[in-house]
Amino acid sequence: MIWLGILAAIFTLYALSDSQRGQVTQMSIPQVLEAAQDNRIITGTIKNEPNGGNEWYLISGRMAPPGNTAGQLEGDSSIEPILFQARGRLTSDEYTTIRPFFREEPASTFLTDLLINLVPFLLIIGLLYFLFVRQLRNAGKGAMSFGKSKAKMLTRDREKVHFKDVAGCDEAKEEVSEIVDFLKDPKRFQKIGGKIPKGVLMVGPPGTGKTLLAKAVAGEADVPFFTISGSDFVEMFVGVGAARVRDMFEQARKNSPCIVFIDEIDAVGRQRGAGLGGGNDEREQTLNSLLVEMDGFEDHEGIIVIAATNRPDVLDKALLRPGRFDRQVGIDPPDLNGREQILAVHAKKIKMAEDIDLKVVARSTPGFAGADLANLLNEAALIAARRKRKEVLMLDIDEARDKISFGRERRRLMDEEDKKITAYHEAGHAIIQAVVDDGKMPLYKVTIIPRGQSLGSTMFTPTKDILNQGKARALNQICVAMGGRIAEDMVIGDITSGASGDIKMATKLARRMVCDWGMSKLGPIAFGENQDHVFLGKEISRDQNYSEATAQAIDGAIHEIVEQQYERAEQILEEHREHLHTLADSLIQYETVDGKHVHEILETGAIQSPIEPPEPMTVPGPGDGEEEPEKKAGSGEEELGSGPEPAGAPA
């Protein structure tokens, strides 16, 4: 900055001295008068300077050369400056002649000239100051604050969440209600020597409401709430994560009692020594700091750490011991009553028709988490808006559920031949399901409208949540899965790739019956153990702890189960061949048939109640300005569920 100041001063002085230099033409008054009469003077100034009692008239300006006028050469480079000095006043005639071409200029001083010339340089220096000096200061602060915690503190005047806003997890709310009571009245627990858990680990699948429940705890207790993600601790620089952990707890101590919520703690709390880097790994150092802060020599009374994860199997054991996260709260997908409560919470924000029964909606959404149900009602509201309705109807909710589960409709995808094959395929599933159903998995509807990767769907709605998978129900599922392939072979005389998904599902279910559940002739023996990867947290292989002879026996048992159910399905469809044709023709005509119509066909041989045609959407579909997705081989696969998890999932 000093060198910049010196250069600016030198440049200013040079500019001031240069302004006094230059080639000028000294002229007398007669010469100036003659130039004025010839209209050669372009512009000029008269500067009055008092000097020793006598006035000096400094006449300066620019003049065109002889033979030209000011109008011809104005602005031309050939114009040369003129300068005239005279002691004493000019005569009135001389002044009158020269005056129109010159203007009076106030007297200037060296100080004013200096300021005028320095202003641009001062602006440049100020700009350099803001660009460089302040950046250097901020860089210094950034270097010092690199280890500061990124935890955000939610103020008390925020929009609070209470327990009434969280539905479908009553057991979890009871678990965390003790934390609220402790934060409101800690002395009640301390009088009898009780200590509230320092850490609460919320475990559950994505979308079940772990973060929402933590916000509800803070809202009920009315205490400061710090929130941070596990990935905010992990940096490429050594020691930064540990420093941020220490700073986070330091801020929490200043605002005690408070709640610290760490979302996705598996990003920093994975098992130590399992990856590359050994004990010097930055992530492990961060975890060590977190372990010490939660249960070290210092006492952190009033600070409750709540963490959330959907992968508890990858967490370090030291993180789960008593004194740290010594209480685990499981948040499972909601049951039937829980789904109804969640729908009631989200339905308050949506204009819905009065005849909508949320219990029916809850029954038709098995396996849906809280986030899925919120998305269901939001999608239904969007569909109702597209159809230019003022409120959401049950048809909109059905359309939204089908769109979320299977994808968007693609009506222009199939020709008549594909439609016929798909109709018999789905009719085979539906006929067998209606025959073998034990009343707990009623048929909801059958459709041949393409959605997503499937060309058709057969949907079931369980009357209640299926908690235990029985052998009879598992065999029925395999039998239903075989119905589509058998119907194609019986009527079309050929089999297609559309049954590949059914075959995979049936084989997987049969393997679990043999290897995991002991539902085969091999007896109640578990074959193979699942190997969990510490980083993936899911099954990637199965340890074969049995002989080759046993492996052949397992393959034989699986093959026997599938073959028996194939023959069973074939026998059912032979007995109901006429019903199969009737249902397939109805699907070709109406595209969608409800479950009650299928039962009417089985009982009377025809559909008795009227079928309402599907309501078209008011937005352009594929082909109306949109590019039709390319049809892939085997895109007729339909999903009848992946076994008993979740049991009764719509196909």
Side-chain angles (χ1 to χ4, degrees), residues 149 151-154 169 171-184 186 189-190 194-204 208-221 223-234 241-242 244-272 283-331:
S149 173
K152 299 178 181 179
M153 179 179 176
L154 303 182
C169 52
E171 295 81 2
K173 287 195 289 187
E174 292 178 1
E175 286 281 342
V176 298
S177 61
E178 295 182 6
I179 299 175
V180 177
D181 296 337
F182 174 81
L183 292 174
K184 289 183 176 180
F189 295 86
Q190 295 172 354
K195 294 183 178 180
I196 201 69
K198 294 183 178 181
V200 178
L201 182 64
M202 295 185 179
V203 180
T208 51
K210 300 183 291 296
T211 304
L212 185 64
L213 185 58
K215 291 182 179 180
V217 173
E220 291 288 340
V223 296
F225 183 78
F226 292 89
T227 176
I228 192 172
S229 173
S231 60
D232 291 334
F233 294 112
V234 182
R244 289 179 178 175
V245 171
R246 292 189 293 269
D247 184 71
M248 180 184 68
F249 277 90
E250 185 65 28
Q251 295 181 27
R253 281 193 291 269
K254 295 178 181 178
N255 295 274
S256 178
C258 66
I259 294 176
V260 177
F261 177 66
I262 305 176
D263 198 7
E264 304 296 343
I265 194 174
D266 50 88
V268 69
R270 290 182 299 195
Q271 295 181 17
R272 291 169 291 181
R283 181 185 55 79
E284 296 186 4
Q285 299 299 327
T286 305
L287 176 59
N288 293 335
S289 178
L290 180 62
L291 296 175
V292 173
E293 290 291 339
M294 290 191 66
D295 189 22
F297 285 101
E298 297 184 7
D299 192 11
H300 295 160
E301 288 292 339
I303 301 177
I304 297 178
V305 182
I306 301 178
T309 182
N310 52 9
R311 296 162 54 185
D313 52 336
V314 303
L315 296 180
D316 193 272
K317 295 181 179 179
L319 199 61
L320 304 178
R321 74 161 177 81
R324 288 172 182 144
F325 288 106
D326 43 13
R327 175 172 295 186
Q328 295 189 25
V329 178
I331 304 179

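This chain uses plain numbering: 1 for the first residue, then up along the sequence. As a basis for the values below, the full set of heavy atoms in this structure was taken, side chains included, without hydrogen atoms, waters or symmetry mates.
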Distance (rounded to the nearest 0.5 Å) between I304 CD1 and M294 CE: 10.5 Å
Straight-line distance of I265 CD1 to I306 CD1, nearest 0.5 Å: 11.5 Å
Side chain to side chain, L290 and L319, heavy atoms closer than 4.5 Å: yes
L287 and G269 have their tightest heavy-atom pair at CD1-CA, 3.9 Å
Hey, does F261 have a side-chain heavy atom less than 4.5 Å from the side chain of V217? no
What's the spacing between I259 CD1 and T227 OG1 if we round to 0.5 Å? 11.5 Å
Any donor and acceptor pair, going by atom type alone, linking the side chain of K210 with main-chain N or O of I331 inside 3.5 Å? no
Looking at P224 and N255, what are the two nearest heavy atoms and their distance? CG-O, 3.8 Å
May I ask you to decide if A318's main-chain N or O and R324's side chain share a donor-acceptor pair within less than 3.5 Å? yes
Between Q251 and F226, is a side chain to side chain contact (heavy atoms under 4.5 Å, CB included) present by the stated rule, with each step listed? CA-CA 9 Å; Q251 295 181 27; F226 292 89; 3.9 Å; yes
Apply the test side chain to side chain contact (heavy atoms under 4.5 Å, CB included) to residues L201 and T309: give CA-CA distance (whole Å), side-chain angles for both, the deciding distance (0.1 Å), then the verdict. CA-CA 8 Å; L201 182 64; T309 182; 3.9 Å; yes
Nearest 0.5 Å, please: how far is CG in N310 from CG in D266? 6.5 Å
How close do A242 and S289 get, counting heavy atoms only, and between which atoms? O-OG, 3.3 Å
A172 and G330 have their tightest heavy-atom pair at CB-O, 4.3 Å
Worked check of side chain to side chain contact (heavy atoms under 4.5 Å, CB included) between F325 and V305: CA-CA 8 Å; F325 288 106; V305 182; 3.8 Å; yes
